[in-house]
Amino acid sequence: MGVRPLFLLLYNVPILLLGQLELQVIAPVLSRHPSVRKMHTQSINKNLQLKSVDEIQNESSKKKPLALILAWLLAKETHIEKFRKLYISRGFDVLTVKTPLKDFLFPVSGSQVIAKNVLDYFTSHENYEDIVVHAFSVGCYLVGEIFVQMRKKSEKYRDMSLRIRSVIFDSFVDFEDIPTGLPRVFTENPITIKILEWYVSTHLALMFNVATKHYLTSSKNIHNTPLKCPALVFVSEADKVGSLVANQMLIDNWQARGVDVKMKCWKDSKHVSHWYKYQDEYVAEVDRFLSKVNLLRSKL
């Protein structure tokens with residue numbers, strides 16, 4: 001063996017021994033605290049999906065809170081996932097609800113069935129004692145349908161007003177904004193917008209018993225919320241779908257009913273896009289709000 005190979009061998013032996021010693025020390029620690037938690041995804045039905053992660057040992061005895069995310073029309077999975085991760089990283093399980101356009105246009109066979117499915121899921125999963133509702137755009141309308149069901153079947157859903165600990169509305173769209181707002185969900189082309197405005201207005205007029213009266217009932221139930229829990233409303237002056245005027249009216253009505261509600265208003269973010277333009281502010285507001293209702297766990 002030459003001088004150089006012998007030198008390299010003598011040089012590397014202490015490093016190899018040190019590495020083995022370090023692995024022996026660290027390995028038991030890693031085994032007790034795995035760096036990756038397993039994500040579980042369960043499709044309840046075509047509209048509802050539950051996501052959760054395994055608990056670590058020192059938290060296994062705690063009951064996890066649930067975040068109910070009511071998505072907007074045409075919401076992409078990549079966009080919704082950002083909000084799921086926000087709640088999952090704070091110790092929540094997340095139930096995501098999607099409302100397809102056809103279910104919104106025909107609420108008796110669509111959105112009202114979805115609302116009932118959500119409430120029935122809650123009643124069959126009583127382990128979720130603390131629920132946060134985070135609704136976007138048409139998802140806020142679905143909250144109204146949930147309130148309708150809660151009032152119709154008050155005995156069956158009597159504990160829901162206690163288990164829902166807080167409500168967050170992002171880009172709320174009230175009934176008056178539907179004719180001008182809904183077309184702008186699908187396009188920014190002025191000509192197409194005018195055509196769709198005519199179509200939506202015609203639909204509302206001709207389908208009063210099928211759809212319109214249910215939108216009005218949902219709106220009435222939202223403004224006359226059966227909940228007394230704190231609320232947070234995200235809105236923008238530049239939102240052409242859900243107007244600042246409608247959101248302010250909602251807040252005024254909630255405050256008149258004794259609801260502790262805060263509005264966060266930006267000047268230039270678009271509909272359901274406040275997160276993307278002001279992510280740090282958005283997350284900070286959500287964290288402050290969760291802390292206010294004692295549901296902010298340490299970030300995972």
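Heads up: numbering here begins at 1 and tracks the sequence.
- Atom CG of N127 sits in a crowded spot, with more than 12 heavy atoms from other residues, nucleotides or ligands closer than 6.0 Å.
- For the atom pair M150 CE and S161 OG, the distance stands at 5.5 Å (nearest 0.5 Å).
- Note: the hydrophobic cluster containing V148 does not contain V108 (ILVMFWY, side chain heavy atoms under 4.5 Å, direct or indirect links).
- A single hydrophobic cluster is seen to contain both V272 and L232, as judged by linkage of ILVMFWY side chains at heavy-atom distances under 4.5 Å, directly or through other members.
- Residues I114 and P100 approach most closely at CD1-CD, 4.5 Å, considering heavy atoms.
- D93 and Y87 share no donor-acceptor pair across their side chains, judged by distance under 3.5 Å alone.
- Expressed to the nearest 0.5 Å, how far NE2 of H125 lies from CG of L50 amounts to 7.5 Å.
- Residues I195 make up the rest of the hydrophobic cluster containing I191, defined by ILVMFWY side-chain heavy atoms closer than 4.5 Å, directly or through other members.
- A 4.5 Å side-chain heavy-atom check between R151 and Y157 finds every atom pair outside the cut-off.
- Residue pairs meeting the salt bridge (Lys or Arg N to Asp or Glu O under 4.0 Å) criterion with at least one partner in residues 121-150, sequence neighbours excluded, are K63-E129, D130-R165.
- Here the shortest heavy-atom pairing between L142 and S111 reads CD1-O, 3.3 Å.
- The shortest distance between side-chain heavy atoms of V167 and F169 falls below 4.5 Å.
- If you check the side chains of D174 and S219, you find a donor sitting under 3.5 Å from an acceptor.
- In this structure, OG1 in T123 is found 10.0 Å from NZ in K153, a value given to the nearest 0.5 Å.
- Using a 4.5 Å heavy-atom threshold, the side chains of L68 and V132 count as separate.
- Under the 4.0 Å criterion applied to side-chain N and carboxylate O atoms, K156 and D120 are assigned as salt-bridge partners.
- The 12-atom threshold is exceeded at NZ of K228, counting heavy atoms of other residues, nucleotides or ligands nearer than 6.0 Å.
- Between T192 and T187 the shortest heavy-atom distance is CG2-CG2, 3.7 Å.
- A 4.5 Å side-chain heavy-atom check between I222 and L250 finds at least one atom pair inside the cut-off.
- Here K240 contributes atom NZ and R184 contributes atom CZ; the two are 6.5 Å apart, rounded to the nearest 0.5 Å.
- Proximity of a side-chain donor or acceptor of D103 to a complementary backbone N or O of T99 within less than 3.5 Å is not detected.
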Please evaluate residues L295 and F92 with respect to the criterion side chain to side chain contact (heavy atoms under 4.5 Å, CB included), reporting the C-alpha separation (whole Å), side-chain torsions for both, the decisive distance (0.1 Å), and the verdict. CA-CA 9 Å; L295 290 179; F92 285 73; 4.1 Å; yes
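- Residues I164 and V233 share a hydrophobic cluster, clusters being chains of Ile/Leu/Val/Met/Phe/Trp/Tyr side chains in contact below 4.5 Å.
- Under the side chain to side chain contact (heavy atoms under 4.5 Å, CB included) criterion, M249 pairs with H223, N253, sequence neighbours left out.
- The minimum heavy-atom distance linking I178 with P183 is given by the pair O-CD, 3.8 Å.
- Heavy-atom neighbours of K292 NZ from other residues, nucleotides or ligands within 6.0 Å: above the threshold of 12.
- Linking ILVMFWY residues whenever their side-chain heavy atoms come closer than 4.5 Å, directly or via other members, places Y278 and W275 in the same cluster.
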Go through K262 and E285 one step at a time and tell me if the side chain to side chain contact (heavy atoms under 4.5 Å, CB included) criterion holds. CA-CA 10 Å; K262 176 185 178 181; E285 287 289 347; 2.9 Å; yes
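- Taking the charged nitrogens against the carboxylate oxygens, E77 and K82 have no contact shorter than 4.0 Å, which rules out a salt bridge.
- Remark: the backbone N or O of S52 is not paired with any side-chain donor or acceptor of R84 at under 3.5 angstrom.
- Looking at N247, its side chain does come within 3.5 Å of a backbone N or O of F172 through a donor-acceptor pair.
- Among residues two or more places apart in sequence or in another chain, the side chain to side chain contact (heavy atoms under 4.5 Å, CB included) test is passed with T225 by F147, L227, W254, R257, V259.
- Nearest heavy atom pair, residue S236 against residue S269, reads OG-O, 2.7 Å.
- Here the OG atom belonging to S218 is positioned 11.0 Å from the CZ atom belonging to F175, to the nearest 0.5 angstrom.
- Contact of the C140 side chain with the V173 side chain is not registered, since no non-hydrogen atoms from C-beta on lie closer than 4.5 Å.
- The side-chain heavy atoms of L296 and R90, taken from C-beta on, include a pair separated by under 4.5 Å.
- Checking H274 against S171 by side-chain atom types alone, a donor-acceptor pair falls below 3.5 Å.
- The shortest side-chain heavy-atom distance between Y276 and H79 falls under the 4.5 Å cut-off.
- Paired with Y141 under the rule ring pair (Phe, Tyr, Trp, His ring centres under 6.0 Å), one option of W72, F136, F104 passes, and it is F104.
- Between the CZ atom in R163 and the CD1 atom in I131 there is a gap of 4.5 Å [rounded to 0.5 Å].
- Minimum interatomic distance between D177 and V241 (heavy atoms only, all atoms of both residues): CB-O, 3.4 Å.
- Using cut-offs of 30° and 60° on the angle between ring planes, the pair Y282 and W266 is parallel.
- Side-chain contact check for T41 versus Q49: some heavy-atom pair is nearer than 4.5 Å.
- Judged by distance alone, with hydrogens and angles left aside, the side-chain atoms of S291 form no donor-acceptor pair with the main-chain N or O of D287 at under 3.5 Å.
- Taking the charged nitrogens against the carboxylate oxygens, E81 and K76 have no contact shorter than 4.0 Å, which rules out a salt bridge.
- A continuous path of ILVMFWY side-chain contacts below 4.5 Å connects L95 to L70, so both sit in one hydrophobic cluster.
- Not a single side-chain hydrogen bond (donor to acceptor under 3.5 Å, both in side chains) links E188 to another residue, sequence neighbours left out.
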Just do the side chain to side chain contact (heavy atoms under 4.5 Å, CB included) check on V138 and V185 with the steps written out, would you? CA-CA 10 Å; V138 73; V185 172; over 6 Å; no
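- Counting only residues at least two apart or on different chains, the side chain to side chain donor-acceptor pair (under 3.5 Å) pairs with a member in residues 198-216 are Q112-H214.
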Between K277 and K270, is the side chain to side chain contact (heavy atoms under 4.5 Å, CB included) condition met? List the steps. CA-CA 9 Å; K277 194 171 182 66; K270 295 182 179 181; over 6 Å; no
